[in-house]
Amino acid sequence: MADQTGLHRNTLTVAAGYDAADHHGSVKPPLFATSTFSYRSAQHAKDIHAAYFVSAPAEGKPAAPTYIYSRLDHPNASMLQTRLAMLDGAEDAAVFNCGMAAINAITQAFLLPGDAILHTRPVYGGTDGLLYTHLSKFGITPFGITDALDAGAIREAAHAAMAHGRVGLVMVETPANPTSGIADVALIASVADEIGARQGHRPFVVVDNTFLGPFQQNPLAHGADLCMTSLTKYAGGHSDLLAGGVSGAAGPIHTLKQLRTLLGSQLDAHTSWMVLRSLETMHLRTERAGQNARAIAEFLLNHPAVSAVNYIGFTQPGSRAHIVSARQCQGAGSTFTFKIRGGEAAAFRMLDRLRVIHMAVSLGGTETLICHPATTTHFNVPAARRLEVGIDEDSLRISVGVEHVDDLIDDLRQALEAI
Ligand SMILES: *Cc1c(COP(=O)(O)O)cnc(C)c1O
């Protein structure tokens, strides 16, 4: 498709990044199963290496992809990067072989030894492990924000971090996994400006958008510098692949792509092709899963064995969480936690009775998944830090799929009887 101006996102999501005219009219993108690309001449070889290693992208424009060796870039990754950038409202995007590879590349690209890193709480278990164990080897110290909706609390954490060292990055996860806690991205971006004015280096604000994805939240429009998404979840959408993406301005994305070559974390051609295809139906899947999630959240709210339902759609009108989520989110997503009465033993009894809903970690697939975060996804987070943010023995996380909602509710009802 040559001219895509004025088209709706649901149209672009099946078109952006691919032009059939370039590929023998093939309606669907070919899969470029090759590790390397031939040069037309020795001079051509030199020219494209110069273009790759020497040129920085022109201001505001992604660098034209050069194909040399598939670890650097390849056509299927380029198509996906173009489409993802379009969905996130970004100049460019970089894809990685999983979400954690994307997070790792961001930390390695933009942090220096001795830096402080400011983050919302809780963060994904893998991100928590990276911040609190691995990065300490480089003298990097994490500082958690206790309330990411409150300017005072954000500034307090920022001052503690600045007292320690240069603040190199601000990592935001909103809604947070698994608590659905909301962070005010615009407010955090304004505090990042204040940090920049004080320390002479404005840290990038990175938002992990995995919980909602591009059809329900666009963090770049609210002041984030980089939007990171585990494409394993709603984008892939079928629990059959691992992938990650980062969207943002052409400059930092170029930096991430160059580092990706050195880290060896490029997304392979087949998986890029699968994610590109999955993006075509993402808006349909997120819409249906969202409807199912609302019905399930309402069922759980009214169930006597359930003590709380942390669903974004239920934030108190007038509360900061409600005001900020109304501004930032176009939907409530379909992954949330609820609490049962009776702790781990009751939770395990209930989980072991489920017949339709699968017990597994991960989220965003067509099938409904459930897990007990304290003993699975957040097993490795020390209990004190886990409990501070409300991930207790009573909490269960459900990722609602696209099945018939009555079957899901019936399954939950019969399983809750075990409590
Ligand atoms: C799954 C997940 C990640 C990590 O992504 P992978 O693709 O599994 O590496 C990061 N952040 C959040 C919020 C996630 O749910």
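Just follow the structure's listing: the first ligand is 1, and inside any ligand the first atom is 1.
- The protein heavy-atom contact nearest to atom 8 (O) of ligand 1 is Tyr124 OH, 3.9 Å.
- Only the backbone of Ala243 comes within contact range of ligand 1, with a heavy atom under 4.0 Å; no side-chain atom does.
- When only interatomic distances are considered, the shortest N/O to N/O separation between Met100 and ligand 1 falls below 3.5 Å.
- For an aromatic pair to be called close, the ring centres must be under 6.0 Å apart, and His74 with Phe32 fails this.
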Please output the side-chain donor-acceptor pairs of residues 105-113 that fall under 3.5 Å, not counting sequence neighbours, one pair per line with the distance.
from, atom 1, to, atom 2, distance (Å)
Thr107, OG1, Ile103, O, 3.4
Thr107, OG1, Asn104, O, 2.9

>> Between Asn76 and Ser272, is the side-chain hydrogen bond (donor to acceptor under 3.5 Å, both in side chains) condition met? List the steps.
In response: CA-CA 6 Å; Asn76 292 107; Ser272 300; over 6 Å; no

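- Rounding to the nearest 0.5 Å gives a distance of 6.0 Å between CG of Asp184 and CD of Gln328.
- Relative to atom 11 (N) of ligand 1, the option among Asp208, Thr210, Leu231, Asn209 with the closest non-hydrogen atom is Asp208.
- Here the OG1 atom belonging to Thr286 is positioned 9.5 Å from the CG atom belonging to Leu212, to the nearest 0.5 angstrom.
- Looking only at protein heavy atoms, the nearest one to atom 2 (C) of ligand 1 is Lys233 NZ, 2.5 Å.
- No salt bridge links Arg288 with Glu403; every basic N to acidic carboxylate O contact stays at or beyond 4.0 Å.
- Polar contact with ligand 1: present for Gly99 (N/O pair, distance under 3.5 Å).
- With ligand atoms numbered from 1 in the order given, ligand 1 contributes 6 (P), 7 (O) to contacts under 4.0 Å with heavy atoms of Thr232.
- When the options Gly244, Ser230, Gly236 are ranked by their closest heavy atom to atom 5 (O) of ligand 1, first place goes to Ser230.
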